[in-house]
Peer 1: 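Sharing a structure, written as structure tokens. Questions coming.
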Amino acid sequence: IKTYSYLRGKELHIVEGLQLPISFYGEGIAQIFIILFKIFNDDSDMVFIEEPEAYLHPMLLKRFVDLLEKIAEEESKQLFLTTHSTIPITVERINNLFRFVYDDKNGTRVYNLGKNKIEGYRLKQELNPDSAEVFFTDKVVLVEGKEDEFFIDGLYKKLIVSNDDYKIISVGSNTNFGIYMELLSAFNIPHSVLCDRNCLSERSITVISKLLESNPKLNTPKEKIEYLKSQNIWILPGNDIEDFYPERFKTLKKNQRGL
């Protein structure tokens, strides 16, 4: 579909030389043409687009958002997109991302990265369409490994009765807790951390080390664990979350290691 070059000449329906009425297209393609026609034929400096992902294949949505970004720059327009899709959320756009939250008590509140500075190259390693789901959920639980993620997710589904959405995120290494917590705090996304007892002693976990160093009166492990709990960081009493697996899962895991 030769969209950009032909739209400037207002040839809206050209596909490989054939001129077709817009009704011949699918809903998603027709929607793209309508949005672009509006952008190029409106003198407004600002254009608001609601849920551009409707009826679009994920890869087409990605290309369309890239195109809108290019048009905004070349046409000197501000484009505002509201979305329920993680695809438009990239590290490159993180400074232009705003999270809207509504509740009956406070009304609508808006959060963005603001003055928070998060290392771009680190964020690029972590932010993807799956982890970006944190922007659309009510609660996030951060765990260290994939096995922990599956286990906690299974427990949640079995034991918790709630209408709230949740997202369990495996951060890959306990040294990665910090960057996720910075991002979630900046966008005011409720979150908790669940990690092994060795998180108390590993100074490489900067976010935990800083909290404990700022409270030098915490002497015993029990005191430290209770304080961290008040900061939504839950330290397990054992050295490994696998210690809490049901016996049948422990046996299965041992057998898998032997394969």
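Hydrogens, waters and symmetry mates play no part in the numbers below; they use all other heavy atoms, side chains included.
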Peer 1: In the structure I gave you, are the side-chain heavy atoms of F150 and D153 within less than 4.5 Å of one another anywhere?
Peer 2: no
Peer 1: Any side-chain to backbone donor/acceptor pair from Q31 onto A54? Under 3.5 Å, distance only.
Peer 2: yes
Peer 1: For a quick test of reading the model, state the closest non-hydrogen atom pair linking I169 to S131 and the distance between them.
Peer 2: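 Looks like CD1-CA, 3.8 Å.
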Peer 1: When you measure from the side chain of E74 to the backbone N and O of K70, does any donor-acceptor pair fall under 3.5 Å?
Peer 2: no
Peer 1: State the CD1-CG distance between I32 and L60, to the nearest 0.5 angstrom.
Peer 2: 4.0 Å
Peer 1: Donor-acceptor pair, T137 side chain versus D165 backbone, under 3.5 Å?
Peer 2: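 Yes.
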Peer 1: Are I168 and L159 linked, directly or through intermediate hydrophobic residues, by side-chain heavy-atom contacts shorter than 4.5 Å (ILVMFWY only)?
Peer 2: yes
Peer 1: Roughly how far apart are E51 CD and L61 CG, rounded to 0.5 Å?
Peer 2: 11.5 Å
Peer 1: Are L200 and L228 close enough, and set up right, to give a side chain to side chain contact (heavy atoms under 4.5 Å, CB included), and what steps lead you there?
Peer 2: CA-CA 10 Å; L200 284 178; L228 290 173; 3.7 Å; yes
Peer 1: What closest approach, in Å, do T82 and P52 show between heavy atoms, and which atom pair accounts for it?
Peer 2: O-CD, 3.4 Å
Peer 1: Less than 4.5 Å apart, any side-chain heavy atom of L127 and any of F135?
Peer 2: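 Yes; the side chains approach each other to less than 4.5 Å.
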Peer 1: CG of L184 to CD1 of I179: how many Å apart, nearest 0.5 Å?
Peer 2: 10.5 Å
Peer 1: Mark yes or no for whether S185, through its side chain, and E182, through its backbone, hold a donor-acceptor pair below 3.5 Å.
Peer 2: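 No, S185 side chain to E182 backbone: no donor-acceptor pair under 3.5 Å.
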Peer 1: Less than 4.0 Å between a side-chain N and a carboxylate O, is that true for D66 and R93?
Peer 2: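 The answer is yes: the pair qualifies as a salt bridge.
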Peer 1: Do you know which two heavy atoms are closest between M181 and I233, and how far apart they sit?
Peer 2: CE-CD1, 4.0 Å
Peer 1: Quick one: are I94 and I118 in side-chain contact, heavy atoms under 4.5 Å?
Peer 2: no
Peer 1: To the nearest 0.5 Å, what is the distance between CG (L142) and CG (N232)?
Peer 2: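 So the CG of L142 and the CG of N232 are separated by 10.5 Å.
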Peer 1: Does N188 reach the side chain of V101, with side-chain heavy atoms less than 4.5 Å apart?
Peer 2: no
Peer 1: Could you please spell out the steps behind the side chain to side chain contact (heavy atoms under 4.5 Å, CB included) verdict for I225 and R197?
Peer 2: CA-CA 9 Å; I225 289 172; R197 192 181 179 89; 3.6 Å; yes
Peer 1: Is the closest side-chain heavy-atom distance between Y227 and L211 below 4.5 Å?
Peer 2: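 SC-SC contact between Y227 and L211 confirmed.
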Peer 1: Considering all heavy atoms of both residues, which atom of L97 and which atom of F187 are nearest to each other, and what is their separation?
Peer 2: O-CE2, 3.5 Å
Peer 1: Check whether any side-chain N or O of E126 sits under 3.5 Å from a backbone N or O of Y180 as a donor-acceptor pair, and report yes or no.
Peer 2: no
Peer 1: Looking at L36 and I71, what are the two nearest heavy atoms and their distance?
Peer 2: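 Looking at all heavy atoms of both residues, the closest pair is CD2-CD1, 3.5 Å.
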Peer 1: According to a 4.5 Å side-chain heavy-atom criterion applied to Ile, Leu, Val, Met, Phe, Trp and Tyr, with indirect links allowed, do I189 and Y111 form part of one hydrophobic cluster?
Peer 2: no
Peer 1: Hey, is CG on N219 packed in by over 12 heavy atoms from elsewhere, all under 6.0 Å?
Peer 2: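 Check passes, neighbour count above 12.
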Peer 1: Using distance alone, with no hydrogens and no angle criterion, decide if T83 and S85 have a side-chain donor and acceptor under 3.5 Å apart.
Peer 2: no
Peer 1: If hydrophobic clusters are built from ILVMFWY residues whose side chains come within less than 4.5 Å, do Y55 and I49 share one?
Peer 2: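 No, separate clusters.
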Peer 1: Within a radius of less than 6.0 Å around CD of E73, do more than 12 heavy atoms belonging to other residues, nucleotides or ligands occur?
Peer 2: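 Result for CD/E73: open.
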Peer 1: Is it true that the side chains of S44 and K77 contain a donor and an acceptor less than 3.5 Å apart?
Peer 2: no
Peer 1: Roughly how far, to the nearest 0.5 Å, is the CD1 atom of I39 from the CD1 atom of I34?
Peer 2: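 Interatomic distance, I34 CD1 to I39 CD1, rounded to 0.5 Å: 12.5 Å.
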Peer 1: I need the minimum non-hydrogen distance between S170 and G145, along with the two atoms involved.
Peer 2: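 So the minimum-distance heavy-atom pair works out to OG-C, 3.2 Å.
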Peer 1: Is N176 close to R122 at the side-chain level, that is, under 4.5 Å between some pair of heavy atoms?
Peer 2: yes
Peer 1: Run the salt bridge (Lys or Arg N to Asp or Glu O under 4.0 Å) test against K222 and tell me which residues pass, sequence neighbours left out.
Peer 2: none
Peer 1: May I ask you to say whether E213 pairs ionically with K210, meaning some side-chain N is under 4.0 Å from a carboxylate O?
Peer 2: no
Peer 1: I'd like to know whether CZ of F136 has more than 12 heavy-atom contacts from other residues, nucleotides or ligands below 6.0 angstrom.
Peer 2: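 More than 12 heavy atoms, drawn from other residues, nucleotides or ligands, come within 6.0 Å of this atom.
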Peer 1: Going through the distances and angles, do L81 and V65 end up as a side chain to side chain contact (heavy atoms under 4.5 Å, CB included)?
Peer 2: CA-CA 9 Å; L81 276 64; V65 174; 4.3 Å; yes
Peer 1: Counting heavy atoms not belonging to K139, are there more than 12 under 6.0 Å from its NZ?
Peer 2: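 More than 12 heavy atoms, drawn from other residues, nucleotides or ligands, come within 6.0 Å of this atom.
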Peer 1: Would the distance check show the side chain of N106 and the main-chain N or O of D103 forming a donor-acceptor pair, the cut-off being under 3.5 Å?
Peer 2: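 No.
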Peer 1: Can L79 be reached from F98 by stepping across I, L, V, M, F, W or Y side chains whose heavy atoms are under 4.5 Å apart?
Peer 2: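 Not linked; separate clusters.
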Peer 1: Given 3.5 Å as the limit, does a donor-acceptor pair link the side chain of N41 with the main chain of F37, or not?
Peer 2: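 Here the side-chain-to-backbone pair exists.
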Peer 1: Are K167 and D130 close enough, and set up right, to give a salt bridge (Lys or Arg N to Asp or Glu O under 4.0 Å), and what steps lead you there?
Peer 2: CA-CA 10 Å; K167 177 71 176 176; D130 179 64; 2.8 Å; yes
Peer 1: Could you check, using the six-membered ring where one of them is a Trp, whether F80 and F48 have ring centers closer than 6.0 angstrom?
Peer 2: yes
Peer 1: Kindly indicate whether the side chain of F64, heavy atoms from C-beta on, has any atom under 4.5 Å from the side chain of I35.
Peer 2: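 Yes, side chains in contact.
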Peer 1: Rounded to the nearest 0.5 Å, what separation is found between the OG1 atom of T108 and the CZ atom of F100?
Peer 2: 8.5 Å
Peer 1: Passes side chain to side chain contact (heavy atoms under 4.5 Å, CB included), C195 versus I235? Steps please.
Peer 2: CA-CA 5 Å; C195 60; I235 307 295; 3.3 Å; yes
Peer 1: Is V193 close to I208 at the side-chain level, that is, under 4.5 Å between some pair of heavy atoms?
Peer 2: no
